[in-house]
Amino acid sequence: MLKRVEARQVRTGMFVEAIEGAWHDPFLSKRRFLLRREIDAQKLRKNGMTGVIINTSRGLDIDGLPGGNIEIDTKAARETIQKSMQVLESIFGRLQHGDGISVDQVAPVISSVSKSIDQSPTVFLSVTRLKSKDEATFLHSISVSALMILFSRHLGLDETTVQMLGTAGLLHDVGKLEIPLGILNKEGPLDEDEIKMIRDHPEKGHAILSRQEGISEIVLDVCLNHHERIDGKGYPRKLSEAQVSLHARIAAICDVYDAITSVRPYRAPWSASQALKWMLGNEGHFDRRLLKKFALCLSVAAVT
């Protein structure tokens, strides 16, 4: 069971799932760990953090300590994600068979994800992190959608644009429908033909969405350009910095962040701190000013 406890209630033997606002600290930002040493417990109690999420099924509870605790309800988040996956699977299935879709079919998913990420970003995003091979495409799309909604609200964008960016996140990888699962789930290195196939997915997705009813320019832009880079070395068109829109820059950050912080059967996830450090050090890939704002957004939302 996940519980939120006050930082002053932390003690050794607890299993820490997340720490509010701690992405910048190399020790505190470890995504999940057993608190073994008293010196580390003291660091948590004294550093001014507001709360810690513990897992009582993997470590000690707060029995005997003063103060109450608030149970973190993951059930609602899991139900939202499960329903969203079912709708998204249906939408992707229609597209794969050449049938049309409309924005109205996507809207209920965006509404549910938007509400959940607004209520509890830490819980919602933590539930999407564990991605099996069968669920990876759908969960990644839902998570990127949630991150784009969270970040665009942090940036103060108008709500219509926020919703469009959420839709863009949900549909950004639709071109991968034309890539065999064996390639998408391949654990070893890809050969040249497979790399080309992967790098063709933005244009294929853009072509698919261009044929649909009522798809906005924001959604089309994000689908086509979420792998472009600030230094002009991205794909599919190697756009220059000035040619990459704000919407595509937001998508590039959210897409990569979710990919490297997710749990996969064949790869350990990076913590938020590791991910942000690597992204900030990856010169030329991301808009650095925007990326720093993204890091602040995660800290404010207590996503660790």
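Here the structure is a predicted model, which is why all the values come from computation and not from measurement.
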Can you name the closest pair of heavy atoms from [X] and [Y] and give their distance?
| X | Y | answer |
| --- | --- | --- |
| Phe294 | Leu276 | CD2-CD2, 4.0 Å |
| His227 | Pro202 | CD2-CG, 4.1 Å |
| Ala248 | Val222 | N-CG2, 4.3 Å |

Verify the cluster assignment for [X] and [Y]: are they in a single hydrophobic cluster under the rule of side-chain heavy atoms below 4.5 Å apart?
| X | Y | value |
| --- | --- | --- |
| Leu190 | Ile179 | yes |
| Trp278 | Leu290 | yes |
| Leu224 | Val219 | no |
| Val244 | Tyr235 | no |
| Leu88 | Ile117 | yes |

Worked check of side-chain hydrogen bond (donor to acceptor under 3.5 Å, both in side chains) between Asp173 and Ser141: CA-CA 7 Å; Asp173 268 347; Ser141 297; 5.4 Å; no
Quick one: pull up [atom1] in [X] and [atom2] in [Y] and give me the separation to the nearest 0.5 Å.
| X | Y | atom1 | atom2 | value |
| --- | --- | --- | --- | --- |
| Phe92 | Ile208 | CZ | CD1 | 9.0 Å |
| Leu147 | Ile253 | CG | CD1 | 11.0 Å |
| Leu150 | Leu125 | CG | CG | 7.0 Å |
| Asn282 | Arg288 | CG | CZ | 10.0 Å |
| Lys233 | Leu239 | NZ | CG | 15.5 Å |

Kindly say whether [Y] contributes a backbone atom to a donor-acceptor pair with the side chain of [X] at under 3.5 angstrom?
| X | Y | answer |
| --- | --- | --- |
| Arg229 | Lys238 | no |
| His201 | Ile198 | yes |
| Lys293 | Leu296 | no |
| Arg45 | Ala7 | no |
| Ser120 | Ser116 | no |
| Ser152 | Ile149 | yes |
| Ser84 | Thr80 | yes |
| Ser145 | Gly166 | yes |
| Ser112 | Val109 | no |
| Gln212 | Leu209 | no |

Can a donor-acceptor pair be found between the side chains of His285 and Asp231 at a distance below 3.5 Å?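 There is no such pair (donor and acceptor under 3.5 Å, judged by atom type) between the side chains of His285 and Asp231.
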Is the closest side-chain donor-acceptor distance between Ser143 and Asp258 under 3.5 Å?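 Short answer, yes.
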How about Glu217 and Asp221: do any of their side-chain heavy atoms sit closer than 4.5 Å?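 Heavy-atom side-chain distance check fails, nothing below 4.5 Å.
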Answer yes when Arg249 and Glu228 have at least one side-chain N-carboxylate O distance shorter than 4.0 Å, and no when they do not.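 A salt bridge is absent here (no side-chain N lies under 4.0 Å from a carboxylate O).
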Trace of the salt bridge (charged side-chain N to carboxylate O under 4.0 Å, His left out) decision for Lys196 with Asp193: CA-CA 5 Å; Lys196 184 181 184 305; Asp193 290 337; over 6 Å; no
What do you reckon, are the aromatic ring centroids of Phe15 and Phe33 less than 6.0 Å apart?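 Distance test on ring centres: not under 6.0 Å, no.
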With a 6.0 Å cut-off on ring centres, are His140 and His172 close enough?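 That pair passes the under 6.0 Å test.
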Verdict with supporting geometry, Glu203 and Arg237, salt bridge (charged side-chain N to carboxylate O under 4.0 Å, His left out): CA-CA 9 Å; Glu203 290 180 308; Arg237 298 183 293 162; 5.9 Å; no
